[in-house]
Amino acid sequence: MPKEIQQAEATRCSRRRTCCLLVYGCQMNISDAERMEGQLKSIGYERIDSMEDADLILINTCCVRETAEDKVYGKIGEIKQLKRRNPELIFGITGCMAQKEGEALIKRAPHIDFVLGTNKVHELTKIVRQLEITREHVVDVMLGETELPDDVPVARGSGFSAWVPIMYGCNNFCSYCIVPYVRGRERSRRPEDVLSEVEEAVQQGYKEITLLGQNVNSYGKDHRQADFAELLARVDQVKGIRRVRFMTSHPKDLSDRVIAVMKSGEHLCEHIHLPVQYGSNRILKAMNRVYTVETYRDLVRRIRENIPQVSLTTDLIVGFPGETDTDFRETLDFLKEIRFDAAYTFIYSKRSGTPAAKMEQQVDEELKRARLQALMEVQNAVSLEINHALKDSVVEIMVEGPSKTDPSVYTGRTRTNKIVLFPHTDEKAGDFARIRITQPQTWVLKGERVSG
Ligand code: SAH
Ligand code: SF4
Ligand code: F3S
């Protein structure tokens, strides 16, 4: 072994090293970060919360909207000071912004040591080891067509609920969206690999499994070893599993077979996140969403006929180029008609490289904000009404732990994915409890434990 490597190894063994991971973006990014932490643990790093005390800082980034990128640039600026104080600090950028910007990030901020793309999560150990020895910038953002290898160690963030990616990438190219450019084409994991990860997690005590993909309903279209309905049915049968969730579903691909499996499955939770994005056909077409208001409405009808207790949540974008008052009114009416349990609402953010960024008639920022406000008001009223209907009912929740604001209050989730707050007695995270809903609110249900 060369001398400098021997020395680095000796230093490595002689003291405890710490890493701080900042994670932005969607569940896929959280899942990737769990695999990054798993790798860092395997080479002796312990995760801590404080950036100031860390030997290694990693930002797993998102670029879906400009606001997400702004947050990251803010953090990169903060870390410059830390690096000045501690030149030994290793600082890396991973995730979607790393993929999108590549080397440009290091040009802009040379205190970044490495930039690792979305398809290179499994290379983290190698790169960190290299950097422990020689501080030369590393940029590795080749967007390949492979999926993540199955033997990457994973440090799960929760002790009871596990994220399991079933596919990577996206083929849909919605005209506003950067994801396909930074995550590559759809690649499905083999069903055996998904199932063995699920089985292992359940054996380790995880009770809830969430299957992840940008568009889970197109699972298996590439390898044809199983489709999503089949995979879901097999996951439902895993011995010891208590709850199965999945996200995200593209309305164009959610099949009647999936609905039938959800109806007959025992552990498949009655919740579908079904982003509609908008409620006018003109804008849906310009967004390249492929479905219409009519086909979406029909899909919701079939879901509700088969799974009457289902809760439906959605994503919506206001201010897409060319949006008129008429389009917007249609969207408000559509929300009132469909009655989602909850909606995540976003202001359209121009992403360069996407077709929508070049469209004319970009909407004025102030108008976008006013529309967002109006949209949220309509949706909040609907959410509150739906939740009010649960008053005095008894729901089963899985306990998640103390609330962030008041540790005497615990939170949990219903099968329909609603957050429930209740006074803590002796429940532990991962327990199941029955709660009577006493005070339903727009975003949460407050209640009290009932015995049994
Ligand atoms: N694959 C998922 C989620 C992708 S990103 C899906 O198709 O539903 C999560 C959400 O971000 C999207 O549903 C969309 O509502 C929103 N989003 C994506 N691109 C955006 C943009 N350019 N501006 C604003 N919101 C955007
Ligand atoms: Fe983006 Fe559309 Fe793919 Fe979702 S389905 S990730 S919104 S391109
Ligand atoms: Fe963001 Fe990438 Fe997810 S852009 S939303 S972290 S796939």
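Residues take their numbers from the sequence shown, with the count starting at 1. For the numbers below, each heavy atom of this structure counts, side chains included, while hydrogens, waters and symmetry mates do not. As the structure lists them, so they are numbered: ligands from 1, and atoms in each ligand from 1.
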Visitor: Contact between Asn215 and ligand 1, counting heavy atoms under 4.0 Å?
Guide: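 Not so, Asn215 does not reach ligand 1.
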
Visitor: Which ligand 2 atoms, with their elements, are less than 4.0 angstrom from a heavy-atom of Phe173?
Guide: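 Ligand 2 atoms under the 4.0 Å threshold to Phe173: 8 (S).
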
Visitor: Just which atoms of ligand 2 are under 4.0 Å from any heavy atom in His250?
Guide: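 Near His250, the atoms of ligand 2 are 5 (S).
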
Visitor: How long is the span from the CD atom in Glu396 to the CZ atom in Arg413, to the nearest 0.5 Å?
Guide: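 If I round to the nearest 0.5 Å, the distance is 14.5 Å.
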
Visitor: Would one find an N, O or S atom of Cys170, in either backbone or side chain, under 2.8 Å from atom 3 (Fe) of ligand 2?
Guide: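 Here the distance criterion (N, O or S atom, under 2.8 Å) is met by Cys170, so yes.
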
Visitor: Please report which non-hydrogen protein atom sits nearest to atom 23 (N) of ligand 1, along with the residue it belongs to and the distance in Å to one decimal place.
Guide: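 Here the closest protein heavy atom is Ser349 N, 2.9 Å.
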
Visitor: Which atoms of ligand 1 are found less than 4.0 Å from any heavy atom of Ile317?
Guide: 14 (C), 15 (O), 17 (N), 25 (N), 26 (C)

Visitor: Between Arg224 and Glu230, does at least one N-O distance fall below 4.0 Å, as a salt bridge requires?
Guide: no

Visitor: Flag the pair Arg156 and Glu197 as a salt bridge only when some basic side-chain nitrogen lies within less than 4.0 angstrom of an acidic carboxylate oxygen.
Guide: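 A salt bridge links Arg156 with Glu197.
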
Visitor: To the nearest 0.1 Å, how far is atom 3 (Fe) of ligand 3 from its closest protein heavy atom, and which atom is that?
Guide: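 Checking every protein heavy atom, the shortest distance to atom 3 (Fe) of ligand 3 gives Cys26 SG, 2.3 Å.
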
Visitor: Just jot down the ligand 1 atoms closer than 4.0 angstrom to any heavy atom of Tyr348, in number order.
Guide: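 Taking each heavy atom of Tyr348 in turn, ligand 1 has 23 (N), 24 (C) under 4.0 Å.
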
Visitor: Below 4.0 Å from ligand 1: does a non-hydrogen atom of Gln277 turn up there or not?
Guide: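 Within the 4.0 Å threshold, so yes.
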
Visitor: Between the side chains of Glu365 and Lys368, is the shortest nitrogen-to-carboxylate-oxygen separation below 4.0 Å, so that they form an ion pair?
Guide: yes

Visitor: Testing the basics here: between Arg339 and Ile386, what is the closest heavy-atom pair and its distance to 0.1 Å?
Guide: O-CD1, 3.5 Å

Visitor: For atom CD of Gln309, is the number of surrounding heavy atoms from other residues, nucleotides or ligands below 6.0 Å larger than 12?
Guide: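 Yes - once you tally the heavy atoms of other residues, nucleotides and ligands closer than 6.0 Å, there are more than 12.
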
Visitor: If you measure from each non-hydrogen atom of Arg183 to ligand 3, which part falls under 4.0 Å: side chain, backbone, both or neither?
Guide: side chain

Visitor: Is the shortest side-chain N to carboxylate O distance from Arg183 to Asp32 below 4.0 Å?
Guide: yes

Visitor: Give a yes/no on ligand 2: does Arg289 have at least one heavy atom closer than 4.0 angstrom to it?
Guide: yes

Visitor: Considering only heavy atoms of Arg65, which atoms of ligand 1 have at least one such atom less than 4.0 Å away?
Guide: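 Listed by number with element: 11 (O), 16 (C), 17 (N), 23 (N), 24 (C), 25 (N), 26 (C).
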
Visitor: Among all protein heavy atoms in this structure, tell me which lies nearest to atom 3 (C) of ligand 1, with the distance rounded to 0.1 Å.
Guide: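 Looking at atom 3 (C) of ligand 1, the protein heavy atom closest to it is Gln214 OE1, 3.8 Å.
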
Visitor: Using a strict threshold of under 4.0 Å (side-chain N to carboxylate O), is an ion pair present between Arg282 and Glu330?
Guide: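 No.
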
Visitor: Under 4.0 Å from a heavy atom of Arg351: give me the atoms of ligand 1 that qualify, with their elements.
Guide: 22 (N)

Visitor: Using a 4.0 Å heavy-atom cut-off, say whether Pro180 meets ligand 2 through its side chain, its backbone, both or neither.
Guide: side chain

Visitor: Please work out whether the ring planes of Tyr219 and His223 are parallel, tilted or perpendicular, with thresholds of 30° and 60°.
Guide: perpendicular

Visitor: Which ligand 3 atoms, with their elements, are less than 4.0 angstrom from a heavy-atom of Cys62?
Guide: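 Every atom of ligand 3 under 4.0 Å from some heavy atom of Cys62: 1 (Fe), 4 (S), 5 (S), 6 (S).
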
Visitor: Between Asp222 and Arg185, is the closest basic N to carboxylate O distance under 4.0 Å?
Guide: no

Visitor: Counting heavy atoms only, which part of Tyr176 comes closer than 4.0 Å to ligand 2: side chain, backbone, both or neither?
Guide: side chain

Visitor: For atom 6 (C) of ligand 1, grab the closest protein heavy atom and report residue, atom and distance to one decimal in Å.
Guide: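 For this ligand atom, the closest protein heavy atom is Thr248 CG2, 3.7 Å.
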
Visitor: Between Glu337 and Arg297, does any side-chain N to carboxylate O distance fall below 4.0 Å?
Guide: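 Yes, charged N to carboxylate O under 4.0 Å.
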
Visitor: Give the residue and atom name of whichever protein heavy atom lies nearest to atom 7 (O) of ligand 1, and the separation in Å to one decimal.
Guide: Arg289 NH1, 3.9 Å

Visitor: Hey, is Ile347 touching ligand 1 through its side chain, its backbone, both or neither, going by heavy atoms under 4.0 Å?
Guide: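 Just the backbone.
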
Visitor: Considering non-hydrogen atoms only, spot the tightest contact between Arg289 and Tyr176 and give its length.
Guide: NH1-OH, 3.5 Å

Visitor: Identify, by atom number and element, the atoms of ligand 1 in contact range of Asp315, meaning under 4.0 Å from any of its heavy atoms.
Guide: 9 (C), 10 (C), 12 (C), 13 (O), 15 (O)

Visitor: Quick one: do Glu66 and Lys100 satisfy salt bridge (charged side-chain N to carboxylate O under 4.0 Å, His left out)? Show the steps, please.
Guide: CA-CA 13 Å; Glu66 198 177 344; Lys100 174 166 161 273; over 6 Å; no

Visitor: Would you check whether Thr354 reaches within less than 4.0 Å of ligand 1, judged by its heavy atoms?
Guide: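 Contact check Thr354 vs ligand 1: negative.
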
Visitor: Just need the protein heavy atom nearest to atom 5 (S) of ligand 2, so name the residue and atom and give the distance.
Guide: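 Residue, atom and distance for the closest contact: Asn172 ND2, 3.4 Å.
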
Visitor: Give me the nearest non-hydrogen protein atom to atom 2 (Fe) of ligand 2 as residue plus atom name, then the distance to 0.1 Å.
Guide: Cys174 SG, 2.3 Å

Visitor: Where is the tightest heavy-atom contact between Asn281 and Val293, given as atom of each residue plus distance?
Guide: OD1-N, 2.7 Å

Visitor: Of all heavy-atom pairs between Phe160 and Gly430, which one has the smallest distance, and what is that distance?
Guide: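 That would be CB-CA, 3.7 Å.
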
Visitor: Numbering the atoms of ligand 2 from 1, which are under 4.0 Å from a heavy atom of Gln214?
Guide: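 So the atoms of ligand 2 that pass are 6 (S).
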
Visitor: Salt bridge check, Arg245 against Glu208: does any charged N sit closer than 4.0 Å to a carboxylate O?
Guide: yes

Visitor: Among the heavy atoms of Cys63, does any lie under 4.0 Å from an atom of ligand 3?
Guide: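 True for this residue.
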
Visitor: Mind telling me whether Tyr291 and Tyr296 have parallel, tilted or perpendicular rings, with 30° and 60° as the class edges?
Guide: tilted

Visitor: Atoms of ligand 1 less than 4.0 Å from Pro275 heavy atoms?
Guide: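 Under 4.0 Å from Pro275, ligand 1 has these atoms: 8 (O).
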
Visitor: Among protein heavy atoms, which sits nearest to atom 18 (C) of ligand 1, and what does the distance come to when rounded to 0.1 Å?
Guide: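 Among all protein heavy atoms, the one nearest atom 18 (C) of ligand 1 is Val64 CG2, 3.4 Å.
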
Visitor: Provide, to 0.1 Å, the distance between atom 19 (N) of ligand 1 and the closest protein heavy atom, together with that atom's residue and name.
Guide: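 The closest one turns out to be Tyr176 CD1, 3.3 Å.
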
Visitor: Using a strict 4.0 Å cut-off to heavy atoms of Gln214, name the atoms of ligand 3 that fall inside it.
Guide: 7 (S)

Visitor: Shortest non-hydrogen contact from Arg242 to His267?
Guide: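 Scanning both residues, the minimum pair turns out to be O-CB, 3.5 Å.
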
Visitor: May I ask you to identify the nearest protein heavy atom to atom 1 (Fe) of ligand 2, giving residue, atom name and distance to one decimal place in Å?
Guide: Cys177 SG, 2.3 Å

Visitor: For atom 2 (Fe) of ligand 3, find the nearest protein heavy atom and state the residue, atom name and distance (0.1 Å precision).
Guide: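 The answer is Cys96 SG, 2.2 Å.
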
